[in-house]
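Here is how names work: the chains are called A, B, and so on, in the same order as the sequence lines, proteins then strands, and each is numbered from 1.
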There are 2 protein chains.
Amino acid sequence: MAVTLKDIARRVGVSITTVSRALGGYDDVAEGTRQRILQAAREMGYRPHTIAQSLRRQRTNTVGFIIPTAGPRFSDPYFTEILTGIGNEAAEHEFDLLVSTRAPGAQEQEAYERMVGSRRVDGLLVIRTRCRDERITYLVEQGFPFVAFGRSDLDLDFPYVDVDGTKGLDEATQYLIDLGHQRIAYISAPPNLMFAHYRLAGYKRALERNGLPVQEELITTGRLTQEDGYREGSRLLTLEHPPTAIIAANDLMALGVISAAQERGLAVGRDLAVIGFDDIPLAEHSHPPLTTVHQPIYEIGKMICRMLIQLIKNEEPVQRRVMLEPALVIRESSGGC
Amino acid sequence: MAVTLKDIARRVGVSITTVSRALGGYDDVAEGTRQRILQAAREMGYRPHTIAQSLRRQRTNTVGFIIPTAGPRFSDPYFTEILTGIGNEAAEHEFDLLVSTRAPGAQEQEAYERMVGSRRVDGLLVIRTRCRDERITYLVEQGFPFVAFGRSDLDLDFPYVDVDGTKGLDEATQYLIDLGHQRIAYISAPPNLMFAHYRLAGYKRALERNGLPVQEELITTGRLTQEDGYREGSRLLTLEHPPTAIIAANDLMALGVISAAQERGLAVGRDLAVIGFDDIPLAEHSHPPLTTVHQPIYEIGKMICRMLIQLIKNEEPVQRRVMLEPALVIRESSGGC
DNA sequence: ATTATACTCCAAAACGTTTTGGAAGTCAAG
DNA sequence: CTTGACTTCCAAAACGTTTTGGAGTATAAT
């Protein structure tokens with residue numbers, strides 16, 4: 001059986017209270033007693049019973065994270081990276097991480113209600129914010145602590161971190177225009193995702209600023225998978241007047257585009273420029289290496305987790321809205337280097 | 001404030017016990033009373049306090065999963081997929097999932113001790129078993145329920161699921177030999193990983209069976225990243241007598257090899273055959289599509305999670321050792337189709 | 001010698017459940 | 001009218017902590 005405060009108390013010949021206070025570092029226990037207690041605890045291999053602590057303190061020291069998956073064979077490396085960030089930061093603060101994996105929809109909403117209602121976690125992390133995001137409405141309504149990765153179109157005040165996707169796509173587009181490209185296609189993200197709009201806006205803004213037409217036939221949408229990138233890339237390349245450059249809303253789709261181009265015998269970087277977004281590790285070692293808009297995914301994971309924990313502990317006034325600058329990382333897939 | 005059994009009891013005019021029993025579905029509460037209680041619970045939005053339940057029942061209904069990461073920018077899609085499997089299966093059984101992310105080493109061991117000692121989880125999932133795996137020794141020693149993905153070289157009896165890597169690599173190698181390849185290189189995994197040995201053994205077995213020499217210069221090792229695949233691939237291709245085929249211990253490295261080959265102007269599938277292992281979704285849509293040894297990662301995640309939950313509930317006699325057959329998926333990267 | 005001040009300690013309550021071991025009440029059978 | 005068997009209910013203990021509000025004792029100040 002696991003050893004409890006009671007066991008230590010009995011062995012040292014002292015009350016449970018005193019053991020608790022000695023271990024808790026309070027100064028109302030004599031130095032000698034404290035030593036005997038610490039020693040006994042060590043010898044007996046005492047570990048506090050987290051569940052009991054949580055119940056009593058009304059604090060679980062746990063953050064929740066519901067990963068919005070897309071089907072069973074879901075394997076976006078993006079999520080591993082952000083999860084690593086979140087997990088490592090949580091560990092640093094001695095917080096645990098409760099994870100759920102649910103595809104967006106009713107079951108996902110239920111998962112949120114479960115986590116909030118059952119009081120298993122002190123706060124939640126929301127990623128990939130959506131238009132009229134019900135998760136956010138719900139959490140704000142419940143007054144439940146959370147931090148989001150991504151802004152919202154709801155008129156609600158909540159803490160978030162985001163990357164300026166408009167700027168990122170503007171820069172990427174401008175870079176291609178500067179290289180002389182006139183027909184630049186864009187594979188956008190599902191329109192219910194907030195970032196889809198920001199990035200699309202950046203693309204359009206750059207075109208317009210340079211007096212280039214925004215052509216509907218060059219704008220398409222994919223579900224952020226490599227497969228969709230491949231499919232949409234193929235479509236674009238078989239257009240009567242195919243684009244000379246393709247930007248994808250994320251790296252995975254950009255990699256799909258590269259496959260599509262290579263299958264057609266095009267040399268990516270020479271015959272066709274390709275740019276992605278995210279800068280997942282895969283991007284650096286693709287062939288050719290992918291030009292992409294870098295966002296510090298791991299750091300963002302750490303950051304939102306840190307902010308949430310601050311919020312929970314209501315420590316120092318948290319910076320509630322963090323906007324990060326993306327950076328265009330130029331590699332070979334865009335040519336011109 | 002959250003509503004408790006006490007609140008319902010007061011409102012319905014009945015004891016806490018009765019409320020608990022009504023909600024728990026016991027048959028010692030009158031039908032009328034039960035209805036009034038259920039109704040009140042619904043109206044008041046009652047949600048059981050999981051922590052309190054756990055404390056009382058001495059069961060957390062939570063499984064733990066410590067992801068062995070490799071550095072901050074860790075983003076192996078393999079882990080997202082297995083996590084999705086685990087998470088979805090857990091949800092089906094109304095179990096929660098507590099995740100930690102730790103690089104192998106002292107901190108990882110501590111994470112295990114924390115999870116076990118603090119009694120926050122009812123069982124653990126161990127993946128990527130290692131030689132003389134301390135995690136396994138520890139868990140067996142503690143008598144703590146767990147299920148592993150991967151066998152062990154320890155003389156211990158524990159439940160696991162594994163894929164026959166020897167067979168997988170044997171088949172892959174044989175396939176290349178049948179295509180006429182004589183110089184087949186192999187990029188192995190870090191030797192502390194159990195699967196590294198099984199796969200390597202399969203490679204050697206096939207060579208020997210066919211009377212081909214096992215050449216040290218054609219066997220190398222990478223840390224399972226695309227980067228290492230690229231590096232080792234480059235090295236192999238600049239050998240005086242370069243191989244005509246390269247097998248990598250996982251898909252990510254195989255993708256790195258493809259990059260290395262293409263950079264040298266080799267047409268993968270024609271000038272060089274490449275085969276991976278895992279069959280991550282990325283493999284299907286690379287260019288050219290990657291021939292690889294398929295293992296059902298998502299299903300394995302579900303399976304080990306299901307087995308663990310059975311173990312915890314000590315339901316039906318669990319099948320303790322599951323060995324899955326891998327299947328060679330032939331795509332273009334290996335040529336010959 | 002009294003009072004004040006530290007210093008150590010602890011009993012008991014509380015967190016929200018589940019479970020045990022009856023206590024009432026009702027009803028049919030003897 | 002008793003007895004026994006059901007049915008329906010509940011008080012209290014327990015799970016392992018933390019925290020509150022003192023109690024007791026020794027020491028210092030008056």
Legend entry - Side chain of A/Leu55 (C-beta onward), nearest among D/dT17, C/dT18, C/dG16: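 Nearest to the side-chain atoms of A/Leu55, counting from C-beta on, is C/dG16.
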Legend entry - Nucleotide nearest A/Val29 (side chain, heavy atoms from C-beta), chosen from C/dT19, C/dC9, D/dA11: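 Nearest nucleotide to the side chain: C/dC9.
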Ignoring hydrogens and angles, does a donor from either the side chain of [X] or the base of [N] sit under 3.5 Å from an acceptor on the other?
X       : N      : result
B/Arg56 : C/dT18 : yes
A/Asp28 : C/dC7  : no
A/Thr17 : C/dA11 : yes

Inset, instruction - Report yes if the distance between the aromatic ring centroids of A/Phe74 and A/Phe79 is under 6.0 Å, otherwise no. - result: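 That pair passes the under 6.0 Å test.
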Inset, instruction - Assert yes or no for the condition that the ring centre distance of A/Tyr160 to A/Phe158 is strictly below 6.0 Å. - result: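 Yes, close enough.
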Inset, instruction - Search all heavy atoms of A/Met307 against all heavy atoms of A/Val322 and return the closest pair with its distance. - result: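 Scanning both residues, the minimum pair turns out to be SD-CG2, 4.1 Å.
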Legend entry - Exercise: identify the closest heavy-atom pair between A/Ala52 and B/Leu55: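 Closest pair (atom of A/Ala52, atom of B/Leu55, distance): CB-CD1, 3.9 Å.
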To the nearest angstrom, how far is [X] atom [atom1] from [N] atom [atom2]?
X        : N      : atom1 : atom2 : answer
B/Arg36  : D/dT8  : CZ    : P     : 13 Å
B/Gln35  : D/dT8  : CD    : P     : 13 Å
B/Leu23  : C/dT17 : CG    : P     : 9 Å
A/Arg120 : C/dC15 : CZ    : P     : 21 Å
B/Arg47  : C/dC15 : CZ    : P     : 22 Å
B/Lys6   : D/dC10 : NZ    : C1'   : 16 Å
A/Ile37  : D/dT17 : CD1   : P     : 14 Å
B/Tyr46  : C/dT18 : OH    : C1'   : 11 Å

Legend entry - DNA chain C: 5'-proximal contact among B/Arg21 and A/Gln58 (nearest heavy atom):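 Closest to the 5' end, via its nearest nucleotide, is A/Gln58.
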Legend entry - A/Ser20 or B/Ala52, whichever maps to the more 5' nucleotide of DNA chain D: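 Its nearest nucleotide being more 5', the pick is B/Ala52.
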Legend entry - First of B/Thr33 and A/Val3 reached from the 5' end of DNA chain D, by closest nucleotide: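 So the residue in question is B/Thr33.
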At under 4.0 Å, does any side-chain N or O of [X] touch on OP1 or OP2 of [N]?
X       : N      : result
A/Gln53 : D/dT18 : yes
A/Tyr26 : D/dT18 : no
B/Thr18 : D/dC10 : yes

Legend entry - Option passing side chain to side chain contact (heavy atoms under 4.5 Å, CB included) with A/Leu5 (candidates A/Ile37, A/Val19, A/Thr18):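 Single pass found, and it is A/Val19.
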